[in-house]
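Given the structure is predicted, the values throughout are model-derived calculations rather than measurements.
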Amino acid sequence: MNKTAKNILGATAIVLLSSGVAGLTTYKMVQSGQPEYSSFYEAFPQNPNVRLAAFDAVNAQPVDLTQAAESSVNAVVHIKSTQLSKTQTVRRAPDIFDFFFGDGGRGQERQIQTQPRVGFGSGVIISKDGYIVTNNHVIEGADEISVKLNDNREFVGRIIGTDPATDLALVKIEGDNFPTLPIGDSDNLKVGEWVLAVGNPFNLTSTVTAGIVSAKARTLGVYNGGIESFIQTDAPINQGNSGGALVNVKGELIGINSVLSSPTGAFAGYGFAIPTSIMAKVVADLKQYGTVQRALLGIKGSSLSNDRYINEQVSEELKKKAQELGVVEGVLVAEIVDGGSAAGADIKVDDVITGIDGKTVRNMADLQEALARHRPGDKVKVKLVRDKKERTVEVTLKNEQGTTKVVKSAGMEILGAAFKELTDDQKKQLNLSYGLQVTGVSSGKMSDAGIRKGFIIQKVNGRQINKESDMEEVFREAMKSPDQVLFISGIFPSGKRANFAVDLSNE
């Protein structure tokens with residue numbers, strides 16, 4: 001056998017041997033039940049309960065926003081609020097001569113004339129007889145309000161009521177057959193749904209922008225303890241959009257644009273609107289009572305999940321508590337307020353509130369939104385988790401005073417008194433460093449308490465009073481308290497000191 005034949009036989013033997021090994025290996029794999037490869041779905045098992053979006057490629061049409069925009073611009077108004085020039089008393093910083101020759105280092109006072117201030121915003125007509133909802137910060141402190149419609153008609157606006165806690169206000173213009181926007185249900189709004197923002201950004205009237213709902217029940221901490229459960233949208237919102245409309249594709253009002261979150265002061269991605277679930281009840285109260293009938297659950301607590309930003313970490317203590325209770329979302333009850341709604345129901349510290357009247361409560365924003373649609377006296381079903389067990393508790397809601405009575409709108413006029421700040425001469429003569437003098441008393445709460453003209457108020461409910469705004473602040477706080485009383489201490493020009501208790505209740 002020559003050399004070539006030997007090489008051919010050797011190669012053939014190697015091929016046959018390799019085939020035999022490969023066949024044996026394949027046989028062994030098949031016998032052992034192991035496939036040669038796995039598909040994507042075999043390697044990554046899918047959840048069979050995933051629901052796909054409905055889509056018909058044949059009949060698919062782009063979203064038509066023209067009708068919603070056309071009806072919206074006619075019902076959204078331009079609001080101009082003006083604060084008139086005022087005389088104010090200011091105190092300059094003391095210098096060294098004031099310590100030796102002046103008034104003890106307090107600095108001298110002088111009168112200044114402030115310049116008029118003008119602000120612009122938007123509003124939404126919600127009734128054909130001229131009721132307009134807007135933001136409280138649009139008309140706050142205004143002496144004059146001018147309302148301009150899309151057809152260039154102008155009206156004088158009158159404030160019906162305001163609610164700083166939700167940043168909402170109700171304004172009235174006189175007339176009839178005004179264009180309106182139908183009120184939609186913000187609860188039915190879905191993330192990803194198309195919306196329009198309608199308003200007057202940068203004083204440009206009748207401006208419409210479009211975007212989607214980016215999130216719901218968002219808190220930002222901008223209302224200093226107020227009620228926040230914003231709709232977040234990427235429809236461009238800028239200065240001047242405040243009080244304007246957030247509208248769905250049907251042309252229904254589903255929010256009042258209120259907050260711009262931006263490091264520059266101009267649109268940088270997201271705006272925030274007050275949902276109609278809160279707005280509708282607030283403005284109805286303002287029209288009927290002049291003030292909001294706010295129902296409180298009577299608890300202090302914390303969200304078990306982040307309310308706002310991803311870098312806002314939930315404390316380790318809360319995380320541990322959540323693990324112990326077997327829940328990941330809800331509001332943990334940290335304290336029961338004496339005399340409040342929860343105190344009269346089966347709600348305890350360390351309970352986790354997860355729902356109210358069938359509405360899921362994931363965080364404090366959800367809880368605030370659910371309560372904001374109720375009035376004192378309403379009975380609600382509170383779903384909670386205690387000791388890893390779910391239970392439902394019926395709660396009768398109460399107001400800030402711990403009652404179910406209707407709270408009437410009351411201003412300083414119920415005191416029946418006029419005030420003025422003490423002059424430097426009066427302070428020197430009476431050896432006083434602060435105080436507010438009663439310059440007149442008519443029939444009212446102060447007269448009933450025995451306070452007479454000339455009395456100098458120094459402290460009210462333990463707080464020093466220097467000017468009328470101090471008195472107004474203490475008055476508002478007292479009206480919200482369960483006692484509704486002003487404990488006033490001061491002095492008459494004769495030097496006689498006196499104390500009075502002014503009952504603010506309607507009874």
Side-chain angles (χ1 to χ4, degrees), residues 161-166 168 223-229 278 281-282 284-286 288-302 331-353 355-357 359 361 364-384 386 391-412 414-415 445 448-449 460-463 472-488 501-507:
T162 63
D163 183 37
T166 55
L168 289 169
Y223 288 166
N224 297 320
I227 297 171
E228 297 183 14
S229 185
I278 293 177
K281 188 263 181 183
V282 168
D285 281 357
L286 292 178
Q288 186 173 354
Y289 306 106
T291 188
V292 178
Q293 306 301 307
R294 182 152 289 124
L296 305 177
L297 192 55
I299 67 158
K300 294 181 180 178
S302 304
V331 174
L332 177 68
V333 178
E335 181 181 339
I336 305 293
V337 177
D338 290 340
S341 308
D346 185 23
I347 297 180
K348 299 179 180 179
V349 172
D350 287 344
D351 285 350
V352 178
I353 298 170
I356 289 184
D357 278 350
K359 178 178 172 61
V361 172
M364 190 62 75
D366 284 335
L367 179 60
Q368 288 184 327
E369 184 177 351
L371 291 171
R373 65 188 71 192
H374 289 286
R375 292 189 173 100
D378 288 353
K379 295 182 185 296
V380 297
K381 301 286 187 181
V382 177
K383 184 178 178 182
L384 54 85
R386 180 187 302 163
R391 61 182 66 198
T392 301
V393 177
E394 185 175 86
V395 180
T396 300
L397 297 176
K398 299 180 181 179
N399 56 27
E400 289 177 301
Q401 288 79 33
T403 72
T404 59
K405 296 179 182 178
V406 171
V407 177
K408 299 290 186 180
S409 177
M412 290 272 285
I414 70 170
L415 297 178
K445 299 292 186 180
D448 295 343
V460 179
N461 291 353
R463 291 179 54 178
E472 291 174 351
E473 187 176 345
V474 177
F475 173 83
R476 286 195 298 268
E477 291 177 357
M479 287 297 295
K480 295 178 180 179
S481 70
D483 296 330
Q484 291 190 320
V485 65
L486 296 176
F487 294 106
I488 299 176
V502 180
D503 183 7
L504 303 176
S505 66
N506 294 320
E507 299 178 350

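Asn399 places none of its side-chain heavy atoms less than 4.5 Å from the side chain of Gln293. With contacts defined as side-chain heavy-atom distances shorter than 4.5 Å, the pair Ile414/Phe475 qualifies. Side-chain contact between Leu504 and Leu486 is present, with at least one heavy-atom pair separated by less than 4.5 Å.
With sequence neighbours excluded, the residues forming a side-chain contact (heavy atoms from CB on, under 4.5 Å) with Ala501 are Val485, Phe487, listed by chain and number. Under the rule for a salt bridge (Lys or Arg N to Asp or Glu O under 4.0 Å), Glu335 has no partner lying at least two apart in sequence or in another chain. Annotation: salt bridge (Lys or Arg N to Asp or Glu O under 4.0 Å) contacts of Glu472 (sequence neighbours excluded): none. Remark: Thr404 pairs with Thr396, Lys398 by the side-chain contact (heavy atoms from CB on, under 4.5 Å) rule, at least two apart or across chains. Not counting sequence neighbours, Ser302 has no partner by the side chain to side chain donor-acceptor pair (under 3.5 Å) test. For Leu286, the side-chain contact (heavy atoms from CB on, under 4.5 Å) partners two or more places apart in sequence, or in a different chain, are Leu170, Val282, Val292. Every residue two or more places apart in sequence or in another chain that forms a side chain to side chain donor-acceptor pair (under 3.5 Å) with Asp378 is listed here: His374. Residues forming a side chain to side chain donor-acceptor pair (under 3.5 Å) with Ser341 (at least two apart in sequence, or on another chain): none. Applying the side-chain contact (heavy atoms from CB on, under 4.5 Å) rule to Arg386 yields the partners Asp346, Lys348, Asp351, Leu384, Arg391; only residues at least two apart in sequence or on another chain are considered. Under the rule for a side chain to side chain donor-acceptor pair (under 3.5 Å), the partners of Lys281 that lie at least two apart in sequence or sit in another chain are Asp285.
Ile299 and Ala342 get closest at one heavy-atom pair: CG2-CB, 3.6 Å. Across all non-hydrogen atoms, the minimal contact from Ile347 to Ile336 is O-CD1, 3.7 Å.
Exactly one of Leu367, Val361, Asp366 qualifies for a side chain to side chain contact (heavy atoms under 4.5 Å, CB included) with Met364. That residue is Leu367.
At distances below 3.5 Å, at least one donor-acceptor pair connects side-chain atoms of Gln401 with backbone N or O atoms of Met479. A donor-acceptor contact shorter than 3.5 Å is absent between the side chain of Gln368 and the backbone of Ser229.
Separation of atoms CZ (Arg476) and CE (Met412) is listed at 9.0 Å; rounding is to 0.5 Å. Between atom CG of residue Leu397 and atom CG of residue Leu296 there is a gap of 8.5 Å, rounded to the nearest 0.5 Å. One distance of note links CD of Gln484 with CG of Asp503; it measures 8.0 Å at 0.5 Å rounding.
Sorted by first and then second residue, the salt bridge (Lys or Arg N to Asp or Glu O under 4.0 Å) pairs involving residues 291-300 (not counting sequence neighbours) are Asp163-Arg294.
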